[in-house]
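If you're wondering where the values come from, they're calculated on a predicted model, not measured in any experiment. Just so you know, ligand 1 is whichever comes first in the structure, and atom 1 is the first atom listed for that ligand.
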Amino acid sequence: MTNKPNILIIYTGGTIGMVKDYKTNALKAFDFSEIVQNIPELQQLNCNIKSISFKEPIDSSNMNTQYYIDIVEIIESNYTKFDGFVILTGSDTMSYISSAVSFMLENLQKPIIFTGSQLPIGDIRTDAKENLITSIAIASVRKQHQPLIKEVCLYFEYKLYRANRTTKISAEHFEAFASMNYPALAESGVHLKFNEALLFKPTEKDKPLIVRKNLISDVVILKLFPGITKATVEAILSIQNLKGVILESYGSGNAPNETWFIDLLKKAIAKEIKVVNVTQCSGGSVILGHYDTSVKLKKIGVISGLDITTESAVAKLMYLLNEDLSLEMFKYHFQKSLRGEITKK
Ligand code: ASP
């Protein structure tokens, strides 16, 4: 036994571990053991590293809630043996996956760092090595014999973010993520600089980890656009078994105040479908009632998502729907910051 932190890398797939199939020119996943071989520098880090891999690594576009459960079960069964976790996934849905994992793990006291890359690890210009090495270094940081980070984060291109605040903003640039409504938790330059005041501080220090595995997938994102028809909205809101809607509205939560639109939402809410209003803007907050075009939404029971991202709203909706809450209680919990995903007023 050494005093070095023990870090577990969980490889689920994504570009970071991909190679080119030269026959088809497409990228496909390969065996994770090759990743470690590709980065001998990992041995120089001041920690003990173990890794575990999905049997069949996947492109993150193939992720669903069953894979989220697979990830949290790996964390659950290794929680006491390791001091920190680095999860490698594809960047395409990384904000969705990591947001969901943040809600699924209650009373988390250890760092969980999601990362990936825009170029495969074997590429000469890869961003994978820096992302992986620094993520492991961050997961290893301790303060007063405890992990400094006690939340789910996302590290990409020199910045550490709170995962449930992120959005993928570029399919091309190495700087693929942004966190518009919450500053970066740390920046990696010559030194790793943490903004400790911004880190999530769990209120319950001695409570054991609770892993929530029941997510309700009967949700939909209804993105508004000028000219959206009654037939479209009607069809979406009458999806069988629909339990939750993320209404992606304009600006600070505005939507058409035409009667047909409000009536359809009203009908959905009467069927106990929870409707959460999230802005289409990349930054800023929903302020229900600020404009005339959101007064009616507020009146009929649409819930304000405040400054939550769409990715995080989907995850929080899937998580809270399992609790079978009344509209009032659902609203109370949705608008409360559970894992730092919303800015408290
Ligand atoms: N398509 C890949 C994925 O999300 C892209 C990436 O790894 O960044 O799995």
Side-chain angles (χ1 to χ4, degrees), residues 9-39 42 51-72 74 85-102 112-136 138-139 152-179 184 188 217 221 282 309-312 314-315 318:
I9 301 175
I10 304 169
Y11 175 62
T12 73
T15 300
I16 191 162
M18 286 189 176
V19 277
K20 205 168 229 175
D21 180 332
Y22 287 99
K23 277 188 213 136
T24 61
N25 233 3
L27 288 173
K28 58 171 200 190
F30 72 42
D31 184 5
F32 177 70
S33 56
E34 292 186 42
I35 282 194
V36 183
Q37 284 166 25
N38 267 294
I39 315 185
L42 290 181
S51 63
I52 196 164
S53 172
F54 272 14
K55 265 201 198 91
E56 283 180 31
I58 55 163
D59 187 292
S60 76
S61 305
N62 285 322
M63 273 279 171
N64 57 40
T65 52
Q66 183 49 52
Y67 290 109
Y68 298 174
I69 296 170
D70 293 346
I71 294 173
V72 297
I74 296 174
F85 301 84
V86 172
I87 309 190
L88 308 180
T89 68
S91 62
D92 288 350
T93 65
M94 194 185 288
S95 293
Y96 289 92
I97 309 166
S98 55
S99 294
V101 168
S102 79
I112 302 205
I113 317 293
F114 277 82
T115 195
S117 66
Q118 293 282 57
L119 286 175
I121 196 101
D123 191 292
I124 192 157
R125 293 180 52 250
T126 190
D127 52 332
K129 286 191 185 183
E130 202 289 316
N131 286 347
L132 178 59
I133 291 170
T134 306
S135 294
I136 299 170
I138 288 170
V152 180
C153 298
L154 187 155
Y155 180 80
F156 228 87
E157 191 63 5
Y158 303 107
K159 291 213 177 91
L160 181 75
Y161 302 109
R162 175 165 302 149
N164 57 33
R165 291 290 197 153
T166 61
T167 300
K168 184 169 180 184
I169 49 152
S170 176
E172 185 183 340
H173 296 127
F174 285 146
E175 195 166 352
F177 289 88
S179 167
S188 164
S217 295
I221 300 172
S282 15
T309 60
T310 295
E311 293 87 336
S312 199
V314 170
M318 287 178 163

N or O contact, Lys168 vs ligand 1, cut-off under 3.5 Å: no

If you measure every N or O of Thr89 against every N or O of ligand 1, does any of those distances drop under 3.5 Å? no

Who's the nearest protein heavy-atom neighbour of atom 8 (O) of ligand 1, and how far? Ser91 OG, 2.4 Å

Scan side-chain atoms only and decide if Thr167 and Ser95 contain a donor-acceptor pair under the 3.5 Å cut-off. no

Any N or O of Asp92 that comes nearer than 3.5 Å to an N or O of ligand 1? yes

What's the spacing between Phe174 CZ and Asn131 CG if we round to 0.5 Å? 9.0 Å

Would you mind finding which of Ser60, Ser61, Gly13 brings a heavy atom closest to atom 9 (O) of ligand 1? Ser60

Is the contact between Ser117 and ligand 1 made by the side chain, the backbone, both, or neither, using heavy atoms and a 4.0 Å cut-off? backbone

Can you tell me how far the CZ atom of Arg162 sits from the OG1 atom of Thr309, to the nearest 0.5 Å? 12.0 Å

Atoms of ligand 1 close to Gly14 [distance to a heavy atom under 4.0 angstrom, numbered from 1]: 7 (O), 9 (O)

Examine distances only and state if a side-chain atom of Gln118 and a backbone atom of Ser170 form a donor-acceptor pair shorter than 3.5 Å. yes

For the atom pair CD1 (Ile112) and OG (Ser135), what is the distance rounded to the nearest 0.5 Å? 13.0 Å

Under 3.5 Å, is there a donor-acceptor pair between the side chain of Ser60 and the main chain of Gly14? no

Ligand-side contact atoms (ligand 1) for residue partner Thr15, heavy atom cut-off under 4.0 Å: 2 (C), 5 (C), 6 (C), 7 (O), 8 (O)

